[in-house]
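Remarks on the structure that follows.
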Number of protein chains: 2
Amino acid sequence: MKNTWYTRFINLFWEEPPTITLKDIAKEANVSLMTVSNVVNGNLHKVSKEKAEEIKHILETRHYVQNATARSLAKAHSNIVAIMLRNVRGENSMSSPHNAALLGEIIQRLQFYGYYAMINLVETREDIARNLKSWNARGAIFLGMLDNEIEQIYSLSSIPMVFIDSYSNVRQLSSVGIDDYKGGALAAEYFWEKGHRSIAFVSPPDYENSVIQHRLRGFLDTLERHQITLTADHRLVLESDVEPSVVERAVQKLASMRGRVTAAFVTSDQMAASFVGGLYATGIRVPEDISIIGFDNMPISRQTTPQLTTIEQNLSQKASFAVDILERRLKTPSAPAESRILDVRLVERASVIRIGSNGKDK
Amino acid sequence: MKNTWYTRFINLFWEEPPTITLKDIAKEANVSLMTVSNVVNGNLHKVSKEKAEEIKHILETRHYVQNATARSLAKAHSNIVAIMLRNVRGENSMSSPHNAALLGEIIQRLQFYGYYAMINLVETREDIARNLKSWNARGAIFLGMLDNEIEQIYSLSSIPMVFIDSYSNVRQLSSVGIDDYKGGALAAEYFWEKGHRSIAFVSPPDYENSVIQHRLRGFLDTLERHQITLTADHRLVLESDVEPSVVERAVQKLASMRGRVTAAFVTSDQMAASFVGGLYATGIRVPEDISIIGFDNMPISRQTTPQLTTIEQNLSQKASFAVDILERRLKTPSAPAESRILDVRLVERASVIRIGSNGKDK
DNA sequence: CTGAAAGCGCTTACAG
DNA sequence: CTGAAAGCGCTTACAG
């Protein structure tokens, strides 16, 4: 916007607080713009001590705030880290406590390093492309992208990226995830030990190489080792894990399997909690009639009655590892890709009961 | 970054996908940069139809993405809407399902209008000042700011702002909130009808003119009309509503009041759910021993056993009203400040029991 | 309908 | 240690 005579005129009445620029500070300090810039950016070895002090003082009294858009344009990159979260139209992916808490931790850590967090709820590949480029983001963090999307994403931009909860065959991928296979295995083994032989698996669709697929494999492999097979009708697939009506329907389905099924592994605490409540409403008690194991160890797993036995993962660690890896790659462009797989463990609470080997009694 | 001979040289090996600019497109289309700019920005009445089509085609095949930092610098404002969320150091304010779901809805609606959402977890006033200015944000949405902060925030910048869940005496304030007073009153009235006379109020601190204070007032006024007073020890204050240990301590406190208290109004479902689970663990049954009313009507209120009677508020409406008000003020700068207070209602479920007027029996 | 000029507020690269 | 020049990719304001 040019500073024409009439914009000045209007400002007289509008009382817009004037924007302070490097130039203003330079004039006031009787130095060049570059010297002020050096002070602002901490290149103090390029400025004499006295001048630096004086300039710092003026910067403070004038409440100078750097114009991030100008800086980004000149440097060809910004201090923005784009966070890409898959969103299904009409749903709210942040109503998942897992996603929400993870995002919160990520943003906090990003801010700690001085980055700005721009959140993009993405539905299409075009969304990703646009968001990745338009703000010259310094780096990007992806949540829950699928294998087949990752290669495409890589070709879109060469800024450092970290993928959370993604499996991929792409080499040189920086990623943070958990041992989903083990999580599934742990649940299966625990059910087995407690005498369960007829078990259900409840989850969103197990897309190729997805988190869910790995949990399912760990679960199936372990059951198989114990000569148990999971029949097709014991596999409940929820198209949405946040839509109440979808979850409710699955609860009814499981309720109808009473007697034929003694236990169910539900791949999130959020869903598992709905199952506990929902089953109770239909007269089925957890764990007396059906035992349940959840996933995540979110606060909600302690708010149900009975409290949920669940697979624990460390969310805040997942978040900080992701940001730390990104930060290393941003600081030193030659830094290699890093991947971290966090461990999981089973937290024993009250939603699983021991039954006789005939699959009926306590 | 200047395009010197050696940066070109390096690029030869780096294979950075080249950034396409207006200039590149202009050259390819044999028109001036301005004509391309007009097409990109939809000022089609300034361009002949044939040229427009041709340029559009080139834009597409070249995957042109506008450089938002350059645009923002030239226009003196960006398409970013800053979302300010109060955060307490060491806690994660997004682990509150209410905040998380609200944020998700806001971001979705912001994206619908073509804005970018930058999330700022703010701890100090300096955080707000910096975040408000540095990106030339087009507008800002504040969550849960207190009365005494709002005036200061106003003086920081004159971009359009909308406050969610804030009470303030500042005139010309655009805000969206709910009828907190009524929410408190509804809970008190319901307890009264069900025969409860000795009631507790559980919440975070009731800062001056805060959401909590208004709920408390509605609650107290209603009890008073029925000649009931809430004694000081029946007022449980939680310094944090997300820290499990803090909530746990409050649960113990309420448990110790068994017999002296027959009901408790807990100002969020999240906390209320912890109370239901926590009390059960100490052998106190809800609602038989203590009745509970929550607030928000979040999914969790249906996942507890018993399901929570709660005060419902419409989160997605709160979010879209906030964004819509902001959008109107952005489109037409002369648009007046708007405030909306959403209604609340009591959702009756199973966490409150009727007791005899002597305060003991069913 | 089209375009050349100046400017947004900063940084890089270089000369003193 | 300091600063004048050129440039980042766009827009505004204006002349044709």
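All chains are named by letter (A, B, ...) in the order of the sequence lines, taking the proteins before the strands, and each is independently numbered beginning at 1.
When rounded to the nearest whole Å, the span between CG of B:Leu73 and P of C:dG7 equals 14 Å. The NZ-C1' distance, from B:Lys46 to D:dA13, rounds to 10 Å in whole Å. We find that CG of B:Leu33 is positioned 15 Å from C1' of D:dG7, with the value rounded to whole Å. Atom CG of B:Leu22 and atom P of D:dT11 are 6 Å apart (whole Å). Per the geometry, CG belonging to A:Asn43 stands 13 Å off C1' belonging to D:dC1, to the nearest Å. The CE atom of A:Met34 sits 13 Å away from the C1' atom of D:dA6 (whole-angstrom rounding). For the pair B:Arg71 CZ and C:dC10 P, the interatomic distance rounds to 20 Å; values are reported in whole Å. In this structure, the NZ atom of A:Lys75 is 22 Å from the P atom of D:dA6, given to the nearest Å.
Here A:Lys23 lies out of heavy-atom contact (under 4.0 Å) with every strand. Here A:Asn41 lies in heavy-atom contact (under 4.0 Å) with sugar-phosphate atoms only.
Contact annotation: B:Tyr64 side-chain N/O to D:dG9 OP1/OP2 distance is not under 4.0 Å. Within the 4.0 Å cut-off from OP1 or OP2 of C:dT2, at least one side-chain nitrogen or oxygen of B:Ser48 is found. Within the structure, every side-chain polar atom (N or O) of B:Ser32 is placed at least 4.0 Å from both OP1 and OP2 of C:dA4. Contact annotation: B:Thr21 does not reach the phosphate of D:dG9 (side-chain N/O to OP1 or OP2, under 4.0 Å).
Checked against C:dC8, C:dT2, C:dC10, the side chain of A:Ala74 finds its nearest nucleotide in C:dC10. Comparing atom distances between the A:Ala70 side chain and each of D:dT2, C:dG9, C:dT2 picks out C:dG9 as nearest.
Applying the salt bridge (Lys or Arg N to Asp or Glu O under 4.0 Å) criterion to B:Arg109, with sequence neighbours excluded, gives B:Asp324. For B:Glu28, the side chain to side chain donor-acceptor pair (under 3.5 Å) partners two or more places apart in sequence, or in a different chain, are B:Arg62. With sequence neighbours excluded, the residues that form a side-chain contact (heavy atoms from CB on, under 4.5 Å) with A:Asp127 are A:Val122, A:Glu123, A:Thr124, A:Arg130, A:Asn131. With sequence neighbours excluded, the residues forming a side chain to side chain donor-acceptor pair (under 3.5 Å) with B:Gln152 are B:Arg125, listed by chain and number. Checked against side-chain contact (heavy atoms from CB on, under 4.5 Å), A:Asn169 has the following partners two or more places apart in sequence or in another chain: A:Asp147, A:Asn209. With sequence neighbours left out, A:Glu91 forms a side chain to side chain donor-acceptor pair (under 3.5 Å) with A:Ser240. Residues satisfying the side-chain contact (heavy atoms from CB on, under 4.5 Å) criterion with B:Ala129, sequence neighbours excluded, are B:Leu156. Among residues two or more places apart in sequence or in another chain, the side-chain contact (heavy atoms from CB on, under 4.5 Å) test is passed with A:Thr21 by A:Lys23, A:Asp24. Remark: B:Ser95 pairs with no residue by the side chain to side chain donor-acceptor pair (under 3.5 Å) rule, at least two apart or across chains.
Stretches of at least 3 consecutive Watson-Crick or G-U wobble pairs, with each checked distance under 3.5 Å, appear in DNA chain D as C:1-3 with D:14-16, C:5-12 with D:5-12, C:14-16 with D:1-3.
Inspection of the B:Thr69 and A:Thr69 side chains reveals no N or O donor paired with an N or O acceptor under 3.5 Å. No hydrogens or angles considered: nothing links the side chains of B:Gln111 and B:Tyr116 as a donor-acceptor pair under 3.5 Å. There is a side-chain donor-acceptor pair under 3.5 Å between B:Asn87 and B:Ser93. Side chain to side chain, A:Ser175 and A:Ser339 meet the donor-acceptor criterion of an N or O pair below 3.5 Å.
When the nearest nucleotides of DNA chain D are assigned to A:Thr35 and B:Val65 by heavy-atom distance, the more 5′-ward of the two goes with A:Thr35. Nearer to the 5' terminus of DNA chain C, by closest-nucleotide assignment, is the contact made by B:Lys49 (compared with the other of A:Ser37 and B:Lys49).
For the segment residues 128-140 of chain B, the set of residues with a heavy atom within less than 4.0 Å of an atom of DNA chain C is empty. The stretch residues 54-62 of chain A does not touch DNA chain C, since none of its heavy atoms comes less than 4.0 Å from the strand.
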